[in-house]
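Scroll down for the structure; my scribbles are underneath it.
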Amino acid sequence: MSDQPSRPTPDPAPEDTGNPVAARTRPTPRVMMAAGLATVIVLIGAGVGITALTGDDEPAATPSSSATATATAPSAPAATTSPAPTTEPVPEPTDAQPEAPTDFYEQAGPPDGSPLEAVEPMTVSVSAEPTGTELPSNLIGLSLEATDLADPRMSGDNEEIVSSLTGLGRPMLRFGGNAVDRRFFWTSTNEPIPGNLSGDDAHPVRAAGPADLERVNTLLEAADATISLTVDLGNYDPARAADMTRYASEIFGDRLVGITVGNEPNGYPTNGLRPSNWGIPDYLAELSAYAEAMYAVAPEVRIVGPGTYAEAWWDPFAQADLPQEKILSFHHYPLSQCDGANDPLGEPIMENLMASPIHDRAQNYRSAALAPAKEAGLETWIPETGISACPGSNETTKTHASALWTVDYALSAAEIGVARLSFHSSLLTCVGGPPMSSICSGGPYLQPDATFNERANYYGLSMVAELPPGAFLQNTVDGGGLAYSYAIEHEDGSISVVLVNQNDPEVSAQTDVTVQLPAGARTSAMTQLGGPSYGAEDATVIDGQPAPPVPAADRPAVPGFVPGAESVQVPVTAGTVSVLTFTF
């Protein structure tokens, strides 16, 4: 439902529009993370209740072991009081005798009055054996429209967008989408925009040139981000693509990680960009011409492709003989059967989002793409993804459930070998802008300002981006209901165990979780993403605050952790993502 009923919105396009949503004001996440969490810890430790901030800046009930249904935030980590000093000196901890923790994490319990349903206990057994796949340091990224290159807010001088990107680690910004072949024009000589391109008020035709790339590069430098571009194939022009590639290579340098030729070319025969009989052989011929022209001016720039959602195109691209290095890419929106008529499990409804088939189907689909890539020795990326490509709002968008899904989707993709993921987003306003976007700008509809807000799925991305790189470890799970686990061994030998508890937070009791470790742990730390219900909007928090997680060294210990123990038992609240980190 629109928050501005008097202002009709245009019929949205699948990739970057939606129904109006309420704008929200939030403190800058990085300020909240440093100052807000410290205040929470001090006050809770002193026995003082705190009001958690919601996405609407409305006070929520004080988090406790029995928060109400409207108390949206799990509590921040709580500090317990250390024993008073004695007259005898306290020995320093040694390798043989680590000091027992005094500060333990306090999570919010289930809402009061809920018809709590018991969840089968969950046992996670973490092996020392690696799976053979890695969690990279730059897994998480954002996908934007190519026309966003011309947006002056995409600058290192805009602290708001820098702050949002910094909360995603070292993200890759991918510029492409439907805009690149329909309403985007590259020119390095200030040519007029061709008359065959068309847009609307929400999606205007835009030209971009070298000055725009220079400005975007200041943003990449400020946020320590990388960039992947898409060149226009819909309007066949290899020379223009080569010109854009040359400037991009010179301006971005090593931050340019790849360029895609065209967006979803498998759709060209049905969207009017090519004749109905145009197919894979025609694409490969045009791709070859583009690749040769681009290689002549920037041989080090990799070609990323085919960037399609149709499986038949993946192997031909993997086998294509191009002069430069290739990366196999595909797009994926699992719940895109908009009315569910042909595939009820693919309809974008909450019942499908929070169910095991979406996880299993995603693994099968992504594994099918990885097969030709592995055979050809190529990396595999998903440079455009999200829950659904269906237009407008649906019951899954902007919700806490989308954050839970995002964490599981990202980690399960990385665990099977996907190297990069960019979640499709928009620079349009929160009011009237695309509800699937993880970020959105302030201001009235179609009048964006320089501020940016983060939605629930952003915080899911932030939880994953915060994890240090490392090797996935084999782990087995028994019980737990709708829950998943991932284990990563980091370069310093520490291990993070990620528990994605997707059980319904309104009706499910806490899950008793036992984590079996491969050795006795010296220390532990915990952080947790939570929310009050699947459908809650602007209510997802991390450690009680709408902010990215704090570093592992600053987190309280896992409840009940005993130094030297090879297992830990902890009750985990439903509808949460918990990261348990152990040192050895």
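Just so you know, these numbers use all the heavy atoms, side chains as well, and skip hydrogens, waters and symmetry mates. Heads up: numbering here begins at 1 and tracks the sequence.
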| task | Flag the pair Thr226 / Leu256 as yes when at least one side-chain heavy-atom distance between them is below 4.5 Å, and no otherwise. | result | no
| task | Apply side chain to side chain donor-acceptor pair (under 3.5 Å) to His400 and Glu537, showing your working. | result | CA-CA 6 Å; His400 177 61; Glu537 297 180 7; over 6 Å; no
| said: If the condition is side-chain hydrogen bond (donor to acceptor under 3.5 Å, both in side chains), which residues does Asp504 pass it with, not counting sequence neighbours? | reply: none
| said: Please give me the minimum heavy-atom distance between Pro372 and Ala318, naming the atom from each residue. | reply: O-CB, 3.8 Å
| task | Taking atom types as modelled, find out whether Thr385 and His332 have a side-chain donor-acceptor pair closer than 3.5 angstrom. | result | no
| task | Assess the side chains of Ser438 and Asn457: does a donor N or O sit below 3.5 Å from an acceptor N or O? | result | no
| query | Between Ser496 and Thr581, is any side-chain donor less than 3.5 angstrom from a side-chain acceptor? | reply | yes
| task | Without swapping roles, check the side chain of His490 against the backbone of Pro469 for a donor-acceptor pair under 3.5 Å. | result | yes
| note | CD of Glu466 to CG of Leu461, rounded to nearest 0.5 Å, is 13.5 Å
| request: Report the residue from Phe423, Tyr309, Phe330, Tyr333 that forms a side-chain contact (heavy atoms from CB on, under 4.5 Å) with Glu384. | output: Tyr333
| message | I'd like to know if the side chain of Arg420 reaches the main chain of Ile140, judged simply by a donor and an acceptor atom lying under 3.5 Å from each other, with no hydrogens or angles considered. | response | no
| query | Are side-chain heavy atoms of Met294 and Ile303 found at a separation under 4.5 Å? | reply | yes
| field | Any donor-acceptor pair under 3.5 Å from Lys326 side chain to Ala320 backbone | value | yes
| message | Strictly distance-based, threshold 3.5 Å: is any side-chain N or O of Ser367 a donor or acceptor partner for the main-chain N or O of Gln363? | response | yes
| task | Without swapping roles, check the side chain of Ser524 against the backbone of Val558 for a donor-acceptor pair under 3.5 Å. | result | yes
| field | side chain to side chain donor-acceptor pair (under 3.5 Å) between Ser249 and Glu300, worked out | value | CA-CA 8 Å; Ser249 176; Glu300 76 286 353; 2.3 Å; yes
| So, Gln510 and Thr573: side-chain donor and acceptor under 3.5 Å apart, yes or no? | yes
| message | Has Ser336 got a side-chain atom pairing as donor or acceptor with Ala389's backbone, closer than 3.5 angstrom? | response | yes
| message | Minimum heavy-atom separation for Glu379 and Ala419, please, with both atom names. | response | OE1-CB, 3.8 Å
| task | Please test Gln528 against Ser578 for side chain to side chain donor-acceptor pair (under 3.5 Å), starting from the C-alpha separation and ending with a verdict. | result | CA-CA 4 Å; Gln528 187 180 78; Ser578 304; 2.9 Å; yes
| said: I'd like to check Phe472 versus Pro130 (side-chain heavy atoms, cut-off strictly below 4.5 Å). Are they in contact? | reply: no
| task | For Pro532 and Ala536, work out which heavy atoms get closest and say how close. | result | CG-CB, 3.6 Å
| message | Side chains of Gln324 and Arg302, heavy atoms from C-beta outward: is any pair under 4.5 Å? | response | no
| request: Would you check if there is a donor-acceptor pair between the side chains of Glu311 and Trp313 at a distance under 3.5 Å? | output: no
| field | Reported CD1-to-OG distance for the pair Ile439 and Ser426, which is rounded to 0.5 angstrom | value | 8.0 Å
| message | Any salt bridge linking Asp224 with Arg255? Criterion: basic side-chain nitrogen under 4.0 Å from a carboxylate oxygen. | response | yes
| task | Please say whether more than 12 non-hydrogen atoms of neighbouring residues, nucleotides or ligands are located less than 6.0 Å from CG in Asp492. | result | yes
| task | For the residue pair Asn501 and Tyr484, confirm or rule out a side-chain donor-acceptor distance under 3.5 Å. | result | no
| message | Can you confirm whether or not the ring centre of His359 sits under 6.0 Å from the ring centre of Tyr409? | response | no
| task | Could you tell me which non-hydrogen atom of Leu135 sits nearest to which non-hydrogen atom of Pro468, and how far apart they are? | result | CD2-O, 3.7 Å
| field | Interatomic spacing from CZ in Phe582 to CD1 in Ile495 - rounded to 0.5 Å | value | 9.0 Å
| said: Could you walk me through whether Ser143 and Arg174 satisfy the side chain to side chain donor-acceptor pair (under 3.5 Å) test, starting with their C-alpha distance in whole Å, then the side-chain angles of each, then the deciding distance to 0.1 Å, before giving a yes or no? | reply: CA-CA 5 Å; Ser143 168; Arg174 174 260 184 177; 2.8 Å; yes
| Ser412 side chain vs Asp408 backbone, donor-acceptor pair below 3.5 Å | yes
| query | Do you see a donor-acceptor pair shorter than 3.5 Å between the side chains of Thr523 and Thr583? | reply | yes
| query | Can you find a heavy atom in the side chain of Met463 that is under 4.5 Å from one in the side chain of Ile542? | reply | yes
| remark: Taking every heavy atom of Pro334 against every heavy atom of Ile358, the minimum-distance pair comes out as CB-CG1, 4.0 Å
| query | Pairs in or reaching into residues 353-375: which pass salt bridge (charged side-chain N to carboxylate O under 4.0 Å, His left out), with residues at least two apart or in two chains? | reply | Asp343-Arg361
| Non-hydrogen side-chain atoms of Trp314 and Pro316 separated by less than 4.5 Å | no
| Expected output: side-chain Ser127 to main-chain Glu129 donor-acceptor under 3.5 Å | yes
| Counting distance only, does the side-chain N/O of Tyr459 pair as donor-acceptor with the main-chain N or O of Pro546 below 3.5 Å? | yes
| said: So does Val162 get a backbone contact from the side chain of Thr166, meaning a donor-acceptor N/O pair under 3.5 Å? | reply: yes
| request: Starting at OG1 of Thr399, measure out to CG of Leu353 and round the result to the nearest 0.5 Å. | output: 6.0 Å
| query | Can we say Arg170 and Glu221 salt-bridge, meaning some charged N sits less than 4.0 Å from an Asp/Glu carboxylate O? | reply | no
| Do you know which two heavy atoms are closest between Met172 and Ser228, and how far apart they sit? | SD-CB, 3.7 Å
| said: With no hydrogens and no angle check, just 3.5 Å: does a side-chain donor-acceptor pair link Asp543 and Thr527? | reply: yes
| task | May I have the step-by-step check of salt bridge (Lys or Arg N to Asp or Glu O under 4.0 Å) for Arg522 and Glu566, ending in yes or no? | result | CA-CA 10 Å; Arg522 288 179 46 80; Glu566 295 187 12; over 6 Å; no
| said: For a side-chain contact (heavy atoms from CB on, under 4.5 Å) check, start with the C-alpha distance between Phe252 and Leu220, then their side-chain angles and the critical distance, and finish with the verdict. | reply: CA-CA 9 Å; Phe252 297 128; Leu220 302 180; 3.6 Å; yes
